[in-house]
Peer 1: 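Below is the structure I would like to discuss, written out as C-alpha coordinates.
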Amino acid sequence: MTTTTEVLSIGHLIGRTMTGVDAFEEVRDPGRLDDVVARVAVGTAADVNKAVELAHNAFQSWKKVPPAQRAHLLLEAADILAGSADDLSPLLVREHGGVLWEAQTDFALGTGVLQHTASLIDDFFTPKQYDDAESFISIERVPRGVVAAVVPWNMPVVLTMMKLAPALATGNTIVLKPSPFAPAALTLALQRIARQLPEGVVNVVHGDADVGQALTSHPLVRKVGFTGGTATARRVMASAAGTIKNLTLELGGNDPAVVLDDVDIDGALDRMLKGVFTRTGQICFAVKRIYVPRNLYGAFADAFCERVDQYAVGHGLDENAGFGPLNNKTQFDSVTALIEETKNSAATTVQLGRKLDSARNGYYVLPHVVRDAEHSAPISNCEQFGPIIPLIAYDDEEQVVQWANDSEYGLASSVWTTDIDRGLTMARKIEAGSTFINTHAFESLDLRMPFGGVKQSGIGREFGTAGMSEYVEDHAIRVLK
Ligand code: NAD
(Lines give C-alpha, C1' and ligand atoms only; values in the text may rest on other atoms or scores of the structure.)
Protein backbone atom coordinates (compact mmCIF):
# COMPACT_ATOMS: atom_id res chain seq x y z
CA MET A 1 0.00 0.00 0.00
CA THR A 2 1.40 3.42 -1.00
CA THR A 3 1.83 5.88 1.85
CA THR A 4 3.13 9.41 1.97
CA THR A 5 3.57 11.91 4.74
CA GLU A 6 3.86 15.02 2.59
CA VAL A 7 1.34 17.70 3.59
CA LEU A 8 0.51 19.84 0.59
CA SER A 9 -0.35 23.54 0.69
CA ILE A 10 -3.16 24.35 -1.71
CA GLY A 11 -3.95 28.02 -2.31
CA HIS A 12 -6.58 29.71 -4.49
CA LEU A 13 -5.87 29.78 -8.19
CA ILE A 14 -6.55 33.33 -9.27
CA GLY A 15 -5.18 33.46 -12.77
CA ARG A 16 -2.34 31.07 -13.43
CA THR A 17 -0.64 31.34 -10.04
CA MET A 18 -1.58 29.75 -6.77
CA THR A 19 -1.90 32.20 -3.89
CA GLY A 20 -0.25 31.64 -0.51
CA VAL A 21 -2.17 29.85 2.19
CA ASP A 22 -2.80 32.25 5.09
CA ALA A 23 -6.08 31.00 6.52
CA PHE A 24 -6.47 27.29 5.88
CA GLU A 25 -8.42 24.13 6.71
CA GLU A 26 -6.80 20.72 6.99
CA VAL A 27 -7.97 17.96 4.71
CA ARG A 28 -7.64 14.59 6.43
CA ASP A 29 -7.66 11.15 4.86
CA PRO A 30 -11.13 9.71 5.65
CA GLY A 31 -9.52 6.28 5.73
CA ARG A 32 -6.71 7.23 8.15
CA LEU A 33 -7.89 10.10 10.25
CA ASP A 34 -4.45 10.89 11.68
CA ASP A 35 -3.13 11.59 8.19
CA VAL A 36 -3.29 15.28 7.17
CA VAL A 37 -3.24 15.29 3.37
CA ALA A 38 -3.30 19.03 2.66
CA ARG A 39 -3.73 22.49 4.09
CA VAL A 40 -6.20 24.25 1.86
CA ALA A 41 -6.86 27.97 1.76
CA VAL A 42 -10.18 29.26 3.07
CA GLY A 43 -11.39 32.14 0.96
CA THR A 44 -13.37 35.29 1.63
CA ALA A 45 -15.77 37.39 -0.39
CA ALA A 46 -12.73 39.54 -1.33
CA ASP A 47 -10.98 36.50 -2.88
CA VAL A 48 -14.15 35.68 -4.80
CA ASN A 49 -14.37 39.25 -6.04
CA LYS A 50 -10.75 39.21 -7.19
CA ALA A 51 -11.22 35.95 -9.08
CA VAL A 52 -14.50 37.02 -10.69
CA GLU A 53 -13.08 40.38 -11.82
CA LEU A 54 -10.07 38.65 -13.34
CA ALA A 55 -12.36 36.13 -15.08
CA HIS A 56 -14.55 38.98 -16.33
CA ASN A 57 -11.54 40.77 -17.85
CA ALA A 58 -10.30 37.52 -19.41
CA PHE A 59 -13.77 36.95 -20.90
CA GLN A 60 -13.42 40.09 -23.07
CA SER A 61 -10.69 38.43 -25.14
CA TRP A 62 -11.43 34.70 -24.60
CA LYS A 63 -14.87 35.09 -26.22
CA LYS A 64 -13.14 36.33 -29.40
CA VAL A 65 -10.80 33.33 -29.69
CA PRO A 66 -11.99 31.39 -32.78
CA PRO A 67 -13.92 28.21 -31.87
CA ALA A 68 -11.37 25.99 -33.63
CA GLN A 69 -8.60 27.45 -31.46
CA ARG A 70 -10.65 26.87 -28.32
CA ALA A 71 -11.19 23.26 -29.45
CA HIS A 72 -7.44 22.87 -29.85
CA LEU A 73 -6.83 24.26 -26.35
CA LEU A 74 -9.46 21.93 -24.85
CA LEU A 75 -7.71 18.96 -26.45
CA GLU A 76 -4.45 20.13 -24.87
CA ALA A 77 -6.27 20.37 -21.54
CA ALA A 78 -7.50 16.79 -22.05
CA ASP A 79 -3.91 15.61 -22.55
CA ILE A 80 -2.83 17.43 -19.40
CA LEU A 81 -5.64 15.87 -17.38
CA ALA A 82 -4.92 12.38 -18.72
CA GLY A 83 -1.23 12.90 -17.92
CA SER A 84 -2.13 13.98 -14.36
CA ALA A 85 -3.98 10.76 -13.50
CA ASP A 86 -0.85 8.86 -12.48
CA ASP A 87 0.47 11.24 -9.85
CA LEU A 88 -2.82 12.81 -8.72
CA SER A 89 -5.12 9.74 -8.43
CA PRO A 90 -3.41 8.49 -5.23
CA LEU A 91 -3.75 11.99 -3.77
CA LEU A 92 -7.43 12.04 -4.71
CA VAL A 93 -7.87 8.67 -2.97
CA ARG A 94 -6.30 10.09 0.19
CA GLU A 95 -8.70 13.04 0.29
CA HIS A 96 -11.99 11.56 -0.94
CA GLY A 97 -11.71 7.97 0.31
CA GLY A 98 -12.44 6.11 -2.94
CA VAL A 99 -10.35 3.19 -4.20
CA LEU A 100 -7.63 3.85 -6.76
CA TRP A 101 -9.53 2.69 -9.85
CA GLU A 102 -12.42 5.00 -8.91
CA ALA A 103 -10.06 7.99 -8.74
CA GLN A 104 -8.48 6.96 -12.06
CA THR A 105 -11.99 6.66 -13.54
CA ASP A 106 -12.69 10.22 -12.39
CA PHE A 107 -9.66 11.47 -14.38
CA ALA A 108 -10.52 9.28 -17.38
CA LEU A 109 -14.14 10.44 -17.51
CA GLY A 110 -13.03 14.07 -17.14
CA THR A 111 -10.59 13.63 -20.02
CA GLY A 112 -13.34 12.11 -22.15
CA VAL A 113 -15.65 15.04 -21.46
CA LEU A 114 -12.99 17.54 -22.60
CA GLN A 115 -12.25 15.56 -25.78
CA HIS A 116 -15.90 14.97 -26.67
CA THR A 117 -16.79 18.62 -26.11
CA ALA A 118 -13.84 19.76 -28.25
CA SER A 119 -15.07 17.56 -31.10
CA LEU A 120 -18.45 19.33 -31.13
CA ILE A 121 -17.32 22.96 -31.10
CA ASP A 122 -17.15 23.63 -34.84
CA ASP A 123 -20.66 22.44 -35.69
CA PHE A 124 -22.11 24.00 -32.56
CA PHE A 125 -21.15 27.51 -33.69
CA THR A 126 -22.51 27.28 -37.24
CA PRO A 127 -25.23 29.97 -37.13
CA LYS A 128 -28.74 29.11 -38.23
CA GLN A 129 -29.66 31.51 -41.06
CA TYR A 130 -32.71 32.30 -43.21
CA ASP A 131 -32.43 34.40 -46.36
CA ASP A 132 -35.62 35.20 -48.32
CA ALA A 133 -37.23 38.06 -50.18
CA GLU A 134 -38.22 39.81 -46.95
CA SER A 135 -35.51 39.02 -44.46
CA PHE A 136 -32.05 37.93 -43.62
CA ILE A 137 -32.07 36.25 -40.19
CA SER A 138 -29.04 34.95 -38.34
CA ILE A 139 -29.34 33.14 -35.00
CA GLU A 140 -25.95 33.14 -33.36
CA ARG A 141 -24.74 31.46 -30.18
CA VAL A 142 -22.91 33.75 -27.81
CA PRO A 143 -21.28 33.01 -24.44
CA ARG A 144 -22.83 34.28 -21.22
CA GLY A 145 -19.72 35.59 -19.38
CA VAL A 146 -18.24 34.47 -16.07
CA VAL A 147 -19.43 31.03 -14.94
CA ALA A 148 -19.50 30.06 -11.25
CA ALA A 149 -18.98 26.32 -10.89
CA VAL A 150 -19.59 24.62 -7.54
CA VAL A 151 -18.87 20.92 -7.15
CA PRO A 152 -19.02 18.17 -4.49
CA TRP A 153 -16.33 15.74 -3.32
CA ASN A 154 -17.47 12.39 -4.66
CA MET A 155 -16.20 12.60 -8.28
CA PRO A 156 -14.66 16.09 -8.29
CA VAL A 157 -12.67 15.86 -11.52
CA VAL A 158 -15.35 14.75 -13.96
CA LEU A 159 -18.02 16.89 -12.27
CA THR A 160 -15.76 19.93 -12.75
CA MET A 161 -15.01 19.04 -16.38
CA MET A 162 -18.76 18.71 -17.02
CA LYS A 163 -18.89 22.48 -16.35
CA LEU A 164 -15.45 23.66 -17.44
CA ALA A 165 -15.51 21.95 -20.86
CA PRO A 166 -18.83 23.38 -22.12
CA ALA A 167 -18.16 26.76 -20.47
CA LEU A 168 -14.73 27.25 -22.07
CA ALA A 169 -15.73 25.65 -25.37
CA THR A 170 -18.44 28.25 -25.80
CA GLY A 171 -16.25 31.23 -24.86
CA ASN A 172 -17.04 31.75 -21.17
CA THR A 173 -14.49 31.97 -18.36
CA ILE A 174 -14.85 30.16 -15.05
CA VAL A 175 -14.41 30.50 -11.30
CA LEU A 176 -14.67 27.15 -9.52
CA LYS A 177 -15.34 26.41 -5.88
CA PRO A 178 -14.32 22.83 -5.06
CA SER A 179 -15.67 20.95 -2.06
CA PRO A 180 -13.56 21.38 1.09
CA PHE A 181 -13.60 17.54 1.27
CA ALA A 182 -11.68 16.95 -2.00
CA PRO A 183 -9.98 20.15 -3.17
CA ALA A 184 -6.29 19.24 -3.58
CA ALA A 185 -5.88 16.90 -6.58
CA LEU A 186 -8.48 18.89 -8.53
CA THR A 187 -6.75 22.24 -7.90
CA LEU A 188 -3.33 20.87 -8.90
CA ALA A 189 -4.81 19.46 -12.13
CA LEU A 190 -6.53 22.79 -12.85
CA GLN A 191 -3.31 24.71 -12.24
CA ARG A 192 -1.63 22.62 -14.94
CA ILE A 193 -4.53 23.30 -17.31
CA ALA A 194 -4.68 27.03 -16.46
CA ARG A 195 -0.99 27.47 -17.35
CA GLN A 196 -1.78 26.60 -20.98
CA LEU A 197 -4.68 29.06 -21.21
CA PRO A 198 -4.83 32.86 -21.22
CA GLU A 199 -4.55 34.35 -17.72
CA GLY A 200 -7.87 34.40 -15.86
CA VAL A 201 -9.80 31.91 -18.01
CA VAL A 202 -9.72 29.28 -15.22
CA ASN A 203 -9.77 30.28 -11.53
CA VAL A 204 -10.37 28.49 -8.23
CA VAL A 205 -11.44 29.88 -4.86
CA HIS A 206 -11.64 27.54 -1.86
CA GLY A 207 -14.09 27.56 1.01
CA ASP A 208 -17.51 26.27 1.96
CA ALA A 209 -21.02 27.73 2.02
CA ASP A 210 -20.07 31.40 2.57
CA VAL A 211 -17.60 31.40 -0.34
CA GLY A 212 -20.19 29.54 -2.44
CA GLN A 213 -22.77 32.21 -1.59
CA ALA A 214 -20.37 35.06 -2.44
CA LEU A 215 -19.71 33.41 -5.80
CA THR A 216 -23.27 32.46 -6.74
CA SER A 217 -24.55 35.95 -5.86
CA HIS A 218 -21.74 37.96 -7.50
CA PRO A 219 -23.21 40.48 -10.00
CA LEU A 220 -20.57 39.74 -12.67
CA VAL A 221 -21.34 36.01 -12.63
CA ARG A 222 -23.86 35.26 -15.40
CA LYS A 223 -24.22 31.53 -15.03
CA VAL A 224 -24.07 28.98 -12.21
CA GLY A 225 -23.19 25.33 -12.83
CA PHE A 226 -23.85 23.48 -9.56
CA THR A 227 -23.58 19.82 -8.57
CA GLY A 228 -24.47 18.87 -5.03
CA GLY A 229 -27.35 18.18 -2.70
CA THR A 230 -30.92 19.33 -3.30
CA ALA A 231 -31.07 21.30 -0.03
CA THR A 232 -27.90 23.24 -0.98
CA ALA A 233 -29.33 23.87 -4.46
CA ARG A 234 -32.27 25.71 -2.90
CA ARG A 235 -29.81 28.12 -1.26
CA VAL A 236 -27.86 28.46 -4.51
CA MET A 237 -31.05 29.31 -6.43
CA ALA A 238 -32.00 31.88 -3.81
CA SER A 239 -28.59 33.51 -3.92
CA ALA A 240 -28.58 33.60 -7.74
CA ALA A 241 -32.09 35.08 -7.81
CA GLY A 242 -30.92 38.58 -6.83
CA THR A 243 -29.23 39.05 -10.21
CA ILE A 244 -31.42 36.64 -12.25
CA LYS A 245 -28.65 34.20 -13.14
CA ASN A 246 -29.08 31.22 -15.40
CA LEU A 247 -28.55 27.92 -13.52
CA THR A 248 -27.74 24.32 -14.33
CA LEU A 249 -28.31 22.08 -11.29
CA GLU A 250 -27.25 18.44 -10.98
CA LEU A 251 -28.62 17.16 -7.69
CA GLY A 252 -29.40 14.11 -5.66
CA GLY A 253 -31.21 10.94 -6.64
CA ASN A 254 -33.14 7.96 -5.26
CA ASP A 255 -32.56 5.80 -8.32
CA PRO A 256 -34.78 2.73 -8.69
CA ALA A 257 -33.61 -0.50 -10.32
CA VAL A 258 -36.67 -2.39 -11.58
CA VAL A 259 -36.10 -6.12 -12.03
CA LEU A 260 -38.61 -7.81 -14.36
CA ASP A 261 -39.71 -11.44 -13.94
CA ASP A 262 -37.78 -12.72 -16.97
CA VAL A 263 -34.44 -11.50 -15.58
CA ASP A 264 -31.27 -13.56 -15.70
CA ILE A 265 -30.41 -13.13 -12.01
CA ASP A 266 -26.69 -13.97 -12.19
CA GLY A 267 -26.07 -11.87 -15.31
CA ALA A 268 -28.00 -8.94 -13.85
CA LEU A 269 -26.14 -9.06 -10.52
CA ASP A 270 -22.72 -9.01 -12.23
CA ARG A 271 -23.60 -5.61 -13.64
CA MET A 272 -25.98 -4.22 -11.05
CA LEU A 273 -23.58 -4.50 -8.12
CA LYS A 274 -21.16 -2.16 -9.92
CA GLY A 275 -23.84 0.50 -9.47
CA VAL A 276 -24.70 -0.15 -5.82
CA PHE A 277 -21.51 -0.12 -3.73
CA THR A 278 -19.03 1.60 -6.07
CA ARG A 279 -17.67 4.75 -4.33
CA THR A 280 -19.18 3.24 -1.16
CA GLY A 281 -22.61 4.11 -2.57
CA GLN A 282 -21.70 7.81 -2.75
CA ILE A 283 -22.66 8.41 -6.37
CA CYS A 284 -25.59 10.62 -7.35
CA PHE A 285 -26.91 8.05 -9.83
CA ALA A 286 -26.03 4.91 -7.81
CA VAL A 287 -28.75 2.27 -7.52
CA LYS A 288 -30.58 3.36 -4.36
CA ARG A 289 -33.56 0.91 -4.21
CA ILE A 290 -34.17 -2.40 -5.98
CA TYR A 291 -37.66 -3.68 -6.86
CA VAL A 292 -37.95 -7.45 -7.38
CA PRO A 293 -41.04 -9.44 -8.50
CA ARG A 294 -42.43 -11.31 -5.49
CA ASN A 295 -42.10 -14.75 -7.13
CA LEU A 296 -38.34 -14.21 -7.65
CA TYR A 297 -37.71 -12.34 -4.43
CA GLY A 298 -36.19 -15.14 -2.31
CA ALA A 299 -33.84 -16.38 -5.04
CA PHE A 300 -32.80 -12.84 -5.99
CA ALA A 301 -32.19 -11.72 -2.39
CA ASP A 302 -30.17 -14.88 -1.57
CA ALA A 303 -27.96 -14.48 -4.67
CA PHE A 304 -27.59 -10.74 -4.00
CA CYS A 305 -26.50 -11.26 -0.37
CA GLU A 306 -24.12 -14.06 -1.32
CA ARG A 307 -22.27 -11.70 -3.65
CA VAL A 308 -22.32 -8.72 -1.34
CA ASP A 309 -20.79 -10.92 1.36
CA GLN A 310 -17.66 -11.13 -0.81
CA TYR A 311 -16.89 -7.40 -0.43
CA ALA A 312 -13.72 -6.46 1.43
CA VAL A 313 -13.70 -2.90 2.78
CA GLY A 314 -10.40 -1.11 3.25
CA HIS A 315 -8.30 1.95 2.55
CA GLY A 316 -8.53 3.17 -1.04
CA LEU A 317 -4.82 2.50 -1.64
CA ASP A 318 -5.18 -1.10 -0.40
CA GLU A 319 -5.44 -3.03 -3.64
CA ASN A 320 -7.63 -5.67 -1.97
CA ALA A 321 -10.33 -3.15 -1.06
CA GLY A 322 -13.62 -3.45 -2.96
CA PHE A 323 -14.63 -0.08 -1.61
CA GLY A 324 -13.26 2.51 0.80
CA PRO A 325 -14.53 4.62 3.70
CA LEU A 326 -17.27 7.22 3.60
CA ASN A 327 -15.94 10.69 2.84
CA ASN A 328 -16.58 12.66 6.01
CA LYS A 329 -18.02 12.61 9.52
CA THR A 330 -21.42 14.06 8.59
CA GLN A 331 -21.75 11.38 5.96
CA PHE A 332 -20.62 8.66 8.40
CA ASP A 333 -23.01 9.83 11.12
CA SER A 334 -25.98 10.01 8.78
CA VAL A 335 -25.35 6.60 7.17
CA THR A 336 -24.75 4.83 10.50
CA ALA A 337 -27.90 6.46 11.93
CA LEU A 338 -29.87 5.24 8.92
CA ILE A 339 -28.52 1.71 9.41
CA GLU A 340 -29.56 1.78 13.09
CA GLU A 341 -33.02 3.09 12.19
CA THR A 342 -33.44 0.37 9.55
CA LYS A 343 -32.27 -2.33 11.98
CA ASN A 344 -35.05 -1.21 14.32
CA SER A 345 -37.72 -1.50 11.60
CA ALA A 346 -39.77 -4.55 10.54
CA ALA A 347 -37.33 -5.34 7.72
CA THR A 348 -34.30 -7.61 8.11
CA THR A 349 -31.03 -5.68 7.84
CA VAL A 350 -28.00 -7.87 7.25
CA GLN A 351 -24.42 -6.71 7.58
CA LEU A 352 -22.15 -8.48 5.11
CA GLY A 353 -18.56 -8.48 3.84
CA ARG A 354 -15.44 -8.01 5.94
CA LYS A 355 -13.01 -5.28 6.92
CA LEU A 356 -9.38 -5.50 5.82
CA ASP A 357 -6.55 -4.59 8.19
CA SER A 358 -6.27 -1.24 6.40
CA ALA A 359 -9.84 -0.35 7.50
CA ARG A 360 -8.75 1.23 10.76
CA ASN A 361 -9.27 4.72 12.11
CA GLY A 362 -11.54 5.94 9.35
CA TYR A 363 -15.16 6.26 8.28
CA TYR A 364 -15.53 2.58 7.33
CA VAL A 365 -18.96 0.98 7.03
CA LEU A 366 -19.58 -2.61 5.88
CA PRO A 367 -22.19 -3.27 3.19
CA HIS A 368 -25.73 -3.74 4.47
CA VAL A 369 -28.69 -5.28 2.61
CA VAL A 370 -32.25 -4.59 3.78
CA ARG A 371 -34.34 -7.67 3.02
CA ASP A 372 -38.15 -7.43 2.97
CA ALA A 373 -37.94 -3.64 2.85
CA GLU A 374 -41.22 -1.75 2.42
CA HIS A 375 -41.56 0.75 -0.41
CA SER A 376 -42.86 3.27 2.15
CA ALA A 377 -39.91 2.83 4.56
CA PRO A 378 -37.43 5.72 5.00
CA ILE A 379 -34.58 3.59 3.57
CA SER A 380 -36.52 3.27 0.29
CA ASN A 381 -37.28 6.97 0.07
CA CYS A 382 -34.03 8.75 0.84
CA GLU A 383 -30.72 9.33 -0.86
CA GLN A 384 -28.73 7.08 1.48
CA PHE A 385 -25.34 7.93 -0.11
CA GLY A 386 -23.73 4.96 1.63
CA PRO A 387 -23.37 1.16 1.51
CA ILE A 388 -26.92 0.14 2.48
CA ILE A 389 -29.48 -0.98 -0.08
CA PRO A 390 -33.15 -2.00 0.24
CA LEU A 391 -34.63 -4.94 -1.73
CA ILE A 392 -38.39 -4.41 -2.15
CA ALA A 393 -40.86 -7.06 -3.39
CA TYR A 394 -43.60 -5.98 -5.84
CA ASP A 395 -46.72 -7.69 -7.15
CA ASP A 396 -47.31 -6.34 -10.67
CA GLU A 397 -45.88 -3.93 -13.21
CA GLU A 398 -48.48 -1.26 -12.60
CA GLN A 399 -47.47 -1.19 -8.95
CA VAL A 400 -43.74 -1.06 -9.65
CA VAL A 401 -44.09 1.83 -12.12
CA GLN A 402 -46.09 3.75 -9.55
CA TRP A 403 -43.47 3.04 -6.87
CA ALA A 404 -40.53 3.87 -9.13
CA ASN A 405 -42.11 7.26 -9.83
CA ASP A 406 -43.24 7.88 -6.25
CA SER A 407 -40.32 10.19 -5.47
CA GLU A 408 -39.42 13.87 -5.62
CA TYR A 409 -36.13 12.71 -7.17
CA GLY A 410 -35.76 11.62 -10.81
CA LEU A 411 -32.08 11.30 -11.74
CA ALA A 412 -31.32 7.85 -13.21
CA SER A 413 -33.11 4.49 -13.13
CA SER A 414 -32.76 1.04 -14.64
CA VAL A 415 -34.79 -1.91 -15.92
CA TRP A 416 -33.44 -5.48 -15.82
CA THR A 417 -34.86 -7.98 -18.31
CA THR A 418 -33.95 -10.48 -21.01
CA ASP A 419 -36.67 -8.98 -23.28
CA ILE A 420 -35.35 -5.66 -24.62
CA ASP A 421 -38.75 -4.58 -26.05
CA ARG A 422 -40.33 -5.11 -22.66
CA GLY A 423 -37.46 -3.17 -21.11
CA LEU A 424 -37.96 -0.25 -23.50
CA THR A 425 -41.72 -0.16 -22.80
CA MET A 426 -41.04 -0.05 -19.06
CA ALA A 427 -38.22 2.53 -19.47
CA ARG A 428 -40.63 4.96 -21.17
CA LYS A 429 -42.95 4.87 -18.16
CA ILE A 430 -40.26 5.92 -15.67
CA GLU A 431 -39.87 9.57 -14.67
CA ALA A 432 -36.11 10.15 -14.73
CA GLY A 433 -33.38 11.97 -16.63
CA SER A 434 -31.90 8.61 -17.70
CA THR A 435 -33.15 5.04 -17.79
CA PHE A 436 -30.62 2.31 -18.48
CA ILE A 437 -31.55 -1.21 -19.53
CA ASN A 438 -29.43 -4.03 -18.07
CA THR A 439 -26.85 -1.58 -16.74
CA HIS A 440 -26.69 1.07 -13.98
CA ALA A 441 -23.11 2.09 -13.21
CA PHE A 442 -20.26 4.20 -14.67
CA GLU A 443 -20.33 1.95 -17.73
CA SER A 444 -23.94 3.04 -18.42
CA LEU A 445 -22.83 6.57 -19.24
CA ASP A 446 -22.31 7.57 -22.85
CA LEU A 447 -21.25 11.13 -23.63
CA ARG A 448 -23.82 11.24 -26.46
CA MET A 449 -26.58 10.97 -23.84
CA PRO A 450 -27.54 14.16 -22.00
CA PHE A 451 -27.15 13.67 -18.22
CA GLY A 452 -29.36 15.33 -15.62
CA GLY A 453 -32.47 14.96 -13.55
CA VAL A 454 -36.21 15.67 -13.51
CA LYS A 455 -38.26 16.97 -10.57
CA GLN A 456 -35.98 17.90 -7.65
CA SER A 457 -32.98 16.07 -9.11
CA GLY A 458 -32.06 19.12 -11.10
CA ILE A 459 -32.48 21.59 -13.91
CA GLY A 460 -30.76 21.32 -17.28
CA ARG A 461 -28.47 18.72 -18.78
CA GLU A 462 -24.73 18.10 -19.00
CA PHE A 463 -22.63 16.31 -21.69
CA GLY A 464 -22.46 17.02 -25.41
CA THR A 465 -24.33 19.76 -27.22
CA ALA A 466 -27.11 19.67 -24.60
CA GLY A 467 -24.50 20.63 -22.02
CA MET A 468 -22.94 23.30 -24.26
CA SER A 469 -26.38 24.86 -24.88
CA GLU A 470 -26.59 25.62 -21.15
CA TYR A 471 -23.62 28.01 -21.47
CA VAL A 472 -24.78 30.14 -24.42
CA GLU A 473 -27.53 32.56 -25.30
CA ASP A 474 -29.12 32.76 -28.75
CA HIS A 475 -28.52 36.17 -30.28
CA ALA A 476 -31.19 36.67 -32.97
CA ILE A 477 -30.34 39.21 -35.72
CA ARG A 478 -32.75 40.23 -38.51
CA VAL A 479 -32.38 42.46 -41.55
CA LEU A 480 -35.73 43.63 -42.91
CA LYS A 481 -35.17 43.95 -46.64
P1 NAD B 1 -23.32 19.67 -0.85
O2 NAD B 1 -24.59 20.14 -1.46
O3 NAD B 1 -23.19 19.66 0.62
O4 NAD B 1 -22.08 20.54 -1.39
C5 NAD B 1 -21.84 20.70 -2.77
C6 NAD B 1 -20.98 21.94 -2.96
O7 NAD B 1 -21.75 23.09 -2.61
C8 NAD B 1 -19.73 21.98 -2.09
O9 NAD B 1 -18.68 22.56 -2.84
C10 NAD B 1 -20.14 22.91 -0.96
O11 NAD B 1 -19.05 23.54 -0.33
C12 NAD B 1 -20.99 23.90 -1.70
N13 NAD B 1 -21.96 24.66 -0.89
C14 NAD B 1 -22.47 24.33 0.32
N15 NAD B 1 -23.34 25.27 0.71
C16 NAD B 1 -23.39 26.20 -0.27
C17 NAD B 1 -24.11 27.41 -0.45
N18 NAD B 1 -24.99 27.84 0.47
N19 NAD B 1 -23.92 28.13 -1.58
C20 NAD B 1 -23.06 27.68 -2.54
N21 NAD B 1 -22.34 26.56 -2.41
C22 NAD B 1 -22.50 25.81 -1.29
O23 NAD B 1 -23.08 18.21 -1.45
P24 NAD B 1 -21.93 17.19 -1.11
O25 NAD B 1 -22.18 16.57 0.23
O26 NAD B 1 -20.62 17.82 -1.38
O27 NAD B 1 -22.19 16.09 -2.27
C28 NAD B 1 -23.19 15.12 -2.17
C29 NAD B 1 -24.44 15.53 -2.93
O30 NAD B 1 -24.11 15.84 -4.28
C31 NAD B 1 -25.43 14.39 -3.01
O32 NAD B 1 -26.73 14.87 -2.78
C33 NAD B 1 -25.29 13.89 -4.44
O34 NAD B 1 -26.42 13.25 -4.96
C35 NAD B 1 -25.00 15.16 -5.17
N36 NAD B 1 -24.37 14.86 -6.46
C37 NAD B 1 -25.11 15.01 -7.61
C38 NAD B 1 -24.54 14.67 -8.84
C39 NAD B 1 -25.30 14.83 -10.14
O40 NAD B 1 -24.68 14.89 -11.20
N41 NAD B 1 -26.62 14.89 -10.12
C42 NAD B 1 -23.23 14.20 -8.90
C43 NAD B 1 -22.54 14.04 -7.70
C44 NAD B 1 -23.10 14.38 -6.48
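Atoms within a ligand are numbered from 1 in the order they appear, just like the ligands themselves. Predicted model, so just to flag it, every value in this text is computed and none were measured.
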Peer 1: Enumerate the protein residues lying less than 4.0 Å from ligand 1, judged by heavy-atom distances, in chain and residue-number order.
Peer 2: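 Near ligand 1, by chain and number: V150, V151, P152, W153, N154, L159, K177, P178, S179, P180, D208, A209, G212, Q213, F226, T227, G228, G229, T232, R235, V236, E250, L251, G252, C284, E383, F385, L411, F451.
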
Peer 1: Taking all non-hydrogen atoms of both residues into account, name the closest pair between A194 and G15 and its distance.
Peer 2: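 Residues A194 and G15, closest heavy atoms: CB-O, 4.4 Å.
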
Peer 1: Check the pair R461 / E250 against salt bridge (Lys or Arg N to Asp or Glu O under 4.0 Å), numbers first and verdict last.
Peer 2: CA-CA 8 Å; R461 292 292 180 269; E250 297 288 0; over 6 Å; no

Peer 1: Is it the case that the side chain of D318 and the backbone of H315 share a donor-acceptor pair, with hydrogens and angles ignored and the cut-off at 3.5 Å?
Peer 2: no

Peer 1: On the ring face of Y409, is K455 found with NZ or CZ under 6.0 Å from the centre and within 45° of the axis?
Peer 2: no

Peer 1: Do R192 and S84 meet the criterion of a side-chain donor-acceptor pair at a distance under 3.5 Å?
Peer 2: yes

Peer 1: Kindly give the heavy-atom pair with the smallest separation between V415 and M426, and that separation in Å.
Peer 2: CG2-CG, 3.6 Å

